[in-house]
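Both counts, for ligands and for their atoms, begin at 1 and track the order of listing. Values below: all heavy atoms of this structure, side chains included; hydrogens, waters and symmetry mates excluded.
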Amino acid sequence: MKTYNIGIIGYGGFGKFLHHWWSRLEGIKVTAVSDRSLKDESSQEFRIYCHWQDLLENPQIDIVSIATPPALHVEIACEAMRAGKHVLLEKPVALDTAGADKILRTQRETGKVILVDHMLRYNPLLSTLVQLSKQKTFGELRHAMVTNYAQDESLPPDHWFWDKSLSGGIFIEHGVHFFDIINALTDQEVIEVRGVSHSRNTGQQDQVSATVLYNNGLIANHYHSFSGPGFFEETKITLMYDLPKIELTGWIPMKGTIRLLSDEAFSNTLGMFPGLRIQTVEDIAEAGDISRPEGWGETPISSTSGIKAAGISYQVSKFVSAGFEIADTKSSVYGQCLQSILKDLVAKVEDPDFQPAVSFEDAYLSLKIAEEAGR
Ligand SMILES: NC(=O)c1ccc[n+]([C@@H]2O[C@H](COP(=O)([O-])OP(=O)(O)OC[C@H]3O[C@@H](n4cnc5c(N)ncnc54)[C@H](O)[C@@H]3O)[C@@H](O)[C@H]2O)c1
């Protein structure tokens, strides 16, 4: 089995995190890093470069991971592919779709593999939901709501995050993760995007919100703020399908709840969720429909007639409430997602027909939505 040599460009917080998790993978060796804050240094096993151009000249490196601030992504990704390297690029692809187009052109000219680190796609809860959504087990997804209250205590005013010419702003720097996740949960196409934002001063845009309309009626609301104390940091994704309502908690989703209308075979579906705890199982005729108050007249629901959502009939007999939770630490789940996308990249290098869980085109689409939301 071949060992792939990796060079990480941008060795800040995230570059070090990547190194930590990739160093535990078989067939992978991080042999070089580059950061403008470091001095050139070399041992037989490991090299440090101040200039990323020098790392690209190292013929031993097969794959370059780019974890610099976003403004550098296009130039480094294009140069890396021209230097014969495959690329695992941190999100966002670029500051705008014009930059992403340049990368796409260079990829086509060089034939190198490039993936973008939308690592949330590999989260076990989200990948289960993607699979069930594709099978239409839950009926249609009608509404998605992402609320992300992030702290800004570790983001001083001079951090590159606030400088739109370096980060692209919140929709592009952070929102792309969640635009991509909602895209992955539906086969509908985006037809309209509207966004609003607030800046606390000329340099710090700290709250953004976007509404994305899809062609079969899915509406997704995204809200991100970087303006609160760490005590209130919270990310929630609420998904309203025809048959279940699902709530996921955590920026790296670790747990959630589901209230599901189902036929008798609900345990087949729910069994796919890790750490499942079924709380209640009711016959729908007995559970009643709380939208109809007592005395309203006869409800048409019975165990045999099923229910209707947006005019579609579903034969269901049970109303099930359950919770689920990944039995692992957040950092381990995060780290395994980073390992998975690198393994997908290697699989694509070895077999061009391999389909990774998230493609460059997926990353491009989430950037396009972010760009439109910010217009
Ligand atoms: N996929 C994820 O889950 C995830 C999570 C966090 C960050 N990120 C992405 O990773 C990237 C880096 O984020 P971070 O939080 O590590 O930022 P950071 O500021 O901690 O690190 C960036 C590093 O890049 C270095 N750098 C800047 N210009 C350089 C240059 N010309 N040559 C070499 N190095 C240079 C800086 O010195 C710094 O060490 C961003 O694109 C961010 O969006 C992704």
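Distance alone, capped at 3.5 Å, places no donor-acceptor pair between the E247 side chain and the G256 backbone.
Ring centroid separation for the pair F14 and H19 does not come in under the 6.0 Å cut-off. The ring of W251 has its center no closer than 6.0 angstrom to the ring center of H224.
For residues 103-125, the set of pairs meeting the ring pair (Phe, Tyr, Trp, His ring centres under 6.0 Å) definition, not counting sequence neighbours, comprises H118-H177.
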Side-chain donor-acceptor pairs under 3.5 Å in residues 355-375, sequence neighbours left out?
{"residue": "S359", "atom": "OG", "partner": "E361", "partner atom": "N", "Å": "3.4"}
{"residue": "S359", "atom": "OG", "partner": "D362", "partner atom": "N", "Å": "3.1"}
{"residue": "S359", "atom": "OG", "partner": "D362", "partner atom": "OD2", "Å": "3.0"}
{"residue": "D362", "atom": "OD2", "partner": "S359", "partner atom": "N", "Å": "2.8"}
{"residue": "Y364", "atom": "OH", "partner": "D101", "partner atom": "OD1", "Å": "2.6"}
{"residue": "Y364", "atom": "OH", "partner": "D101", "partner atom": "OD2", "Å": "3.4"}
{"residue": "S366", "atom": "OG", "partner": "A363", "partner atom": "O", "Å": "2.9"}
{"residue": "E371", "atom": "OE1", "partner": "T97", "partner atom": "OG1", "Å": "2.6"}
{"residue": "E371", "atom": "OE2", "partner": "T97", "partner atom": "N", "Å": "3.1"}
{"residue": "E371", "atom": "OE2", "partner": "T97", "partner atom": "OG1", "Å": "3.4"}

Any protein N or O within less than 3.5 Å of an N or O in ligand 1? List each pair with its distance, or say none.
{"residue": "ligand 1", "atom": "1 (N)", "partner": "E90", "partner atom": "OE1", "Å": "2.9"}
{"residue": "ligand 1", "atom": "1 (N)", "partner": "D117", "partner atom": "O", "Å": "3.4"}
{"residue": "ligand 1", "atom": "3 (O)", "partner": "Y334", "partner atom": "OH", "Å": "2.6"}
{"residue": "ligand 1", "atom": "16 (O)", "partner": "F14", "partner atom": "N", "Å": "2.8"}
{"residue": "ligand 1", "atom": "19 (O)", "partner": "W160", "partner atom": "NE1", "Å": "2.7"}
{"residue": "ligand 1", "atom": "20 (O)", "partner": "G13", "partner atom": "N", "Å": "3.0"}
{"residue": "ligand 1", "atom": "34 (N)", "partner": "R36", "partner atom": "N", "Å": "3.3"}
{"residue": "ligand 1", "atom": "37 (O)", "partner": "D35", "partner atom": "OD1", "Å": "2.6"}
{"residue": "ligand 1", "atom": "37 (O)", "partner": "D35", "partner atom": "OD2", "Å": "3.4"}
{"residue": "ligand 1", "atom": "39 (O)", "partner": "G12", "partner atom": "N", "Å": "3.4"}
{"residue": "ligand 1", "atom": "39 (O)", "partner": "D35", "partner atom": "OD1", "Å": "3.4"}
{"residue": "ligand 1", "atom": "39 (O)", "partner": "D35", "partner atom": "OD2", "Å": "2.6"}
{"residue": "ligand 1", "atom": "41 (O)", "partner": "T68", "partner atom": "O", "Å": "3.2"}
{"residue": "ligand 1", "atom": "41 (O)", "partner": "H73", "partner atom": "NE2", "Å": "3.2"}
{"residue": "ligand 1", "atom": "41 (O)", "partner": "K91", "partner atom": "O", "Å": "3.1"}
{"residue": "ligand 1", "atom": "43 (O)", "partner": "K91", "partner atom": "O", "Å": "3.1"}
{"residue": "ligand 1", "atom": "43 (O)", "partner": "K91", "partner atom": "NZ", "Å": "2.8"}
{"residue": "ligand 1", "atom": "43 (O)", "partner": "E173", "partner atom": "OE2", "Å": "2.3"}

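Grouped with Y149 in one hydrophobic cluster are Y223, the linkage being side-chain heavy-atom contacts under 4.5 Å among Ile, Leu, Val, Met, Phe, Trp and Tyr residues.
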